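Worksheet: one structure, shown below.
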Amino acid sequence: MNQLKVYNSLTRQKELFTPITPGHVGMYVCGPTVSGESHLGHARPYITFDVINRYLQHTGYKVRYVRNITDAGHFEEEGREAVDKIASKAILEKLEPMELVQKYTNLFHWAMDQFNTLPPSIEPTATGHIVEQIEMIKKIIDAGYGYASNGSVYFDVKKYAAAHDYGKLSGRVIDELLETTRELEGQEEKKDMADFALWKNAAPEHIMRWQSPWGVGYPGWHIECSAMATKYLGAQFDIHGGGMDLLFPHHESEIAQSTICNHTAPVRYWIHNNMITINGRKMGKSYNNVIKLTELFSGDHPILEKAYHPMTVRFFILQTHYRSTLDFSNEALQASEKGLRRLWDAFEHLGKLTREGGAAAEDPELDQKVARLLKEFDEFMDDDFSTAKVLANMFEIVPVINSIKDKLIPVTALSAENFLFLQNRFQTWLVDIFGLKSVSEADNSKLQGVMQLLIAIRKEAKSRKDFVTSDLIRNQLANLGITLKDEKGGDMSWSVD
RNA sequence: GGUCCUGUGGCCGAGUGGCUAGGCAGAGCUCUGCAAAAGCUCCUACAGCGGUUCGAAUCCGCUCGGGACCUCCA
């Protein structure tokens, strides 16, 4: 049946996707750290994997989609001291750590809703799985790959690398890793520079803290994903996703931990999305070039020329392959905005069209072309999720739809079967798979009633060639941000800007 | 410094060795009371230099430019 091929970061090539359990897919995606607001860069993985999730479901898989919330503090170097990201922010904002985490979790969920992403099947939190993480660390110690040191626990990378391929995923060379010199807090506790923390001893002022066999502390930053993925998806599961910047050390470490614990490589297919850049540079806190999602939607940011609708952003992301970098600019976003509008208008017109007459295609050549363009959707998507190519095909069909609408070509140019296929495909792909929705706020029933009334008055005025009145209505509406368009054949359509 | 990725027309971006996506912007025309849409047409690019090949944007090498990771990071 389907021949889905995905690019596997682990093997660096496209592979035929075959799930462990036929008909079912287990997918884990690294979720947000809720110590602050999400920015445009964060939107990419969640939209990318939302479409992957939707497509897998569309092709008949039952998907268990797990996306975590990282709400336990990890390390961040701020100034000289290594401080807990969440704890320090909490002091600044005078909020309880969990209050802060709740606030940003809510904000994240709000943004995901704006983007029309489907919620994951399970959204586990790190703080809710401290016990599982401790158990996993114990297992790693028992297996001889973890050691306690001064209340912290580290993973013995050198020992692991002796018998396993540490660095396979990220292309890292272990010997080079071992000689990396870096002045990081806690480094003297490690046997080796390359070792990473499984558990960290908490200083007295550290607010987020839990009791453990090694003293009071908090989990290291790779263990949560290993623990939660194992718990909800099993020792080995199908897909693990996330940003390319997580390849090393996060995902590499995840593999090491899980492999020791579960005696198997945890993931069959590693899928990584590329970064969103701004002026050619990755958007990230350390580069000081982030545009928060709230700013993006409101336009309230110095480099934004205007506000951008969440659907514009979603469409912008889908117009590029997920493994390519995507450069942000006002020009690019505005191009997407206009493109989406044109595509969506055509889609809405298409939904209102009906086909009568003989079932055969009166323009076989066009009919075949459209059929071909439509059939290619699956082909493109099965080729490592080429959403951009599907959209390109849709745009090739747009003039056909508009021409039918404007009666430049008869609806019977296409066969009855193909016309129905066209309608179904656009609905399924645009709405169900790409998760796009109308950007119009015109779904207020009272407004619709008022508009029907104004349109009736304007039609009447036009029929009397009373252009003063008809122009008045249209111009005043334009001032209010409502565009009224005269369609061919005397009808009028309207949209809210 | 190490590992890896990348360089496409005014801008954004697809591109599996041959048949040269798509969007946005721009130009012209058509439709139209006007406007806006829409339709048609035009603008044919692959950083540079070599090489492989009947044929390269696509493969190889070198040069130059950009980026990611090596540290928290989507």
Side-chain angles (χ1 to χ4, degrees), chain A residues 12 14 29-33 35 38-49 70 73-78 82 85 167 170-173 175-177 179-180 182-184 194 221 241-250 252 272-277 279-287 290 315-316 319-321 323-343 345-346 349 380 383 386-396 398-403 405-406 408-409 462 465-467 470-471 474-475 478 483-488 493 495:
Chain A
R12 279 158 240 265
K14 281 183 201 168
V29 174
C30 288
T33 301
S35 62
S38 298
H39 58 72
L40 173 57
H42 296 121
R44 175 102 103 143
Y46 307 130
I47 289 173
T48 299
F49 288 100
T70 298
H74 292 324
F75 276 131
E76 186 185 44
E77 271 192 311
E78 264 181 29
K85 212 191 265 183
S170 57
R172 214 66 16 166
V173 180
D175 292 334
E176 284 165 5
L177 229 47
E179 64 195 30
T180 311
R182 207 164 287 279
E183 307 221 350
L184 282 177
W221 64 287
M244 275 184 185
D245 50 352
L246 296 180
L247 271 164
F248 190 88
H250 188 54
E252 196 71 62
H272 291 93
N273 63 275
N274 214 318
M275 303 292 102
I276 289 184
T277 59
N279 295 322
R281 180 154 252 123
K282 173 185 168 184
M283 186 175 287
K285 225 186 254 175
S286 41
Y287 293 114
V290 302
F315 183 73
F316 174 63
Q319 267 187 304
T320 308
H321 189 87
R323 279 190 292 107
S324 301
T325 54
L326 175 57
D327 199 52
F328 167 88
S329 69
N330 281 289
E331 230 183 337
L333 255 296
Q334 282 165 34
S336 289
E337 184 177 75
K338 286 179 187 162
L340 173 59
R341 172 169 285 222
R342 198 162 90 91
L343 181 60
D345 282 350
H349 290 311
F380 292 156
D383 185 15
S386 292
T387 54
K389 293 175 90 172
V390 175
L391 288 173
N393 273 21
M394 286 183 170
F395 273 110
E396 283 203 66
V398 164
V400 179
I401 296 170
N402 285 333
S403 295
K405 183 207 76 172
D406 288 340
L408 296 172
I409 58 175
K462 271 188 77 176
K465 298 223 185 296
D466 176 6
F467 297 124
S470 69
D471 285 355
R474 190 174 61 195
N475 293 340
T483 305
L484 197 59
K485 288 186 283 197
D486 291 345
E487 300 291 343
K488 298 217 162 45
S493 67
S495 61

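These figures come from a predicted structure and were not determined experimentally. Proteins come first, then strands; the chains are lettered A, B, ... in the order of their sequence lines, and each starts at number 1.
Atom pair A/F395:CZ and B/G22:P shows a separation of 11 Å (rounding to whole Å applied). As rounded to whole Å, 13 Å separates atom C1' of B/G15 from atom CG of A/N393. Remark: C1' of B/G39 and CG of A/D345 are 15 Å apart, rounded to the nearest angstrom. Distance, A/L484 CG to B/A35 C1': 11 Å, rounded to whole Å. Here B/C4 presents its P atom at 14 Å from CD of A/E252, a figure rounded to the nearest Å. For the pair A/K282 NZ and B/A74 P, the computed distance is 8 Å after rounding to whole Å. What separates CZ of A/R323 from P of B/C5 is a distance of 11 Å, to the nearest Å. The distance from atom CG of A/N273 to atom P of B/C5 is 18 Å, rounded to the nearest whole Å.
The heavy-atom pair separating A/F316 from A/A332 by the smallest distance is CE1-CB, 3.7 Å. When every heavy atom of A/P45 is checked against every heavy atom of A/N273, the shortest pair comes out as CB-OD1, 3.3 Å.
Partner assigned to B/G10 is B/C24, using Watson-Crick or G-U wobble distances below 3.5 angstrom. B/G18 and B/C54 make up a base pair, with Watson-Crick or G-U wobble contacts both under 3.5 Å. Remark: B/U3 base-pairs with B/A68. Criterion, Watson-Crick or G-U wobble with two distances under 3.5 Å. A 3.5 Å limit on both hydrogen-bonding distances identifies no Watson-Crick or G-U partner for B/C34.
Among the heavy atoms of the strands lying under 4.0 Å from A/D406 are primed sugar atoms or P, OP1, OP2 only; no base atom is included. Residue contacts for A/M275: at a heavy-atom cut-off of 4.0 Å it reaches a base atom on one of the strands shown. Using a 4.0 Å heavy-atom criterion, one finds that A/L340 contacts no nucleic acid atom at all. Residue A/L333 is out of contact with every strand shown, counting any heavy-atom pair closer than 4.0 Å. Counting any heavy atom pair closer than 4.0 Å across all strands shown, A/H321 reaches sugar-phosphate atoms only and no base atom. Contacts of A/M283 with the nucleic acid, taken as non-hydrogen atoms under 4.0 Å apart, include base atoms. Base contact: A/K485 has a heavy atom under 4.0 Å from a base atom. No engagement by A/L247 is indicated, since no non-hydrogen atom pair under 4.0 Å with the nucleic acid exists. No contact: A/G284 has no heavy atom under 4.0 Å from any strand. Here A/F467 lies in heavy-atom contact (under 4.0 Å) with a base.
A/R44 has no side-chain polar atom (N or O) that falls below the 4.0 Å cut-off from OP1 or OP2 of B/A74. Considering only side-chain N and O atoms, A/R342 lies under 4.0 angstrom from the phosphate OP1 or OP2 of B/G39. Residue A/N402 has a polar side-chain atom (N or O) positioned under 4.0 Å from OP1 or OP2 of B/G39. At B/U3, none of the side-chain N or O atoms of A/S170 fall inside 4.0 Å of OP1 or OP2 (strictly under the cut-off). The phosphate of B/A25 (OP1 or OP2) has a side-chain N or O of A/K338 nearer than 4.0 angstrom. Checking the phosphate oxygens (OP1, OP2) of B/C34, no side-chain nitrogen or oxygen of A/K465 falls inside 4.0 Å. Regarding contacts with the backbone of B/A74, every side-chain N or O of A/T48 stays at 4.0 angstrom or more from both OP1 and OP2.
Nucleotides B/A57 and B/G17, compared at atom P, are 13 Å apart to the nearest Å. Nucleotides B/C42 and B/C34, compared at atom P, are 27 Å apart to the nearest Å. Between B/A56 and B/G15, the distance separating the two C1' atoms is 13 Å to the nearest Å.
When the nucleotides B/C69, B/A21, B/G13 are ranked by their closest atom to the side chain of A/T320, B/G13 comes out on top. Listed candidates were B/A74, B/A68, B/G33. Nearest to the side chain of A/S470 is B/G33. Counting only heavy atoms from C-beta on, A/S403 has its side chain closest to B/G39 among B/G39, B/G33, B/A14. For A/R172, counting side-chain heavy atoms from C-beta on, the closest listed nucleotide (B/G2, B/C24, B/G33) is B/G2. In the set B/C69, B/G33, B/C12, the nucleotide with an atom closest to the side chain of A/A332 is B/C12. Of the candidates B/C70, B/A74, B/C12, B/A74 carries the atom nearest the A/H39 side chain, counting heavy atoms from C-beta on.
Around the CG atom of A/N279, the shell of radius 6.0 Å holds no more than 12 heavy atoms that belong to other residues, nucleotides or ligands.
In this structure, the separation between OG1 on A/T387 and CZ on A/F315 is 9.5 Å, given to the nearest 0.5 Å.
You'll find the side chain of A/F467 reaches within 4.5 Å of the side chain of A/K465, heavy atoms only.
Using a 4.0 Å cut-off between a side-chain N of Lys or Arg and a carboxylate O of Asp or Glu, A/D345 and A/R342 do not qualify as a salt bridge. Salt-bridge check for A/D383 with A/K389: failed, with every basic side-chain N at 4.0 Å or more from each acidic carboxylate O.
Residue whose closest nucleotide on RNA chain B sits further toward the 5' end, between A/Y287 and A/E396: A/E396. In terms of position on RNA chain B, the residue among A/T483 and A/L408 whose nearest nucleotide sits closer to the 5' end is A/T483.
Put simply, the side chain of A/D327 and the base of B/G13 share no donor and acceptor less than 3.5 Å apart. Judged by atom type and distance alone, A/D486 reaches the base of B/C34 through a side-chain donor-acceptor pair under 3.5 Å. Side-chain to base pairing of A/R474 with B/A35: one donor and one acceptor N or O lie within less than 3.5 Å of each other.
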Start with the C-alpha distance between A/K285 and A/H39, add both sets of side-chain angles, then the distance that settles side-chain contact (heavy atoms from CB on, under 4.5 Å), and finish with yes or no. CA-CA 9 Å; A/K285 225 186 254 175; A/H39 58 72; over 6 Å; no
Taking it one step at a time, do A/L326 and A/N274 satisfy side-chain contact (heavy atoms from CB on, under 4.5 Å)? CA-CA 8 Å; A/L326 175 57; A/N274 214 318; over 6 Å; no
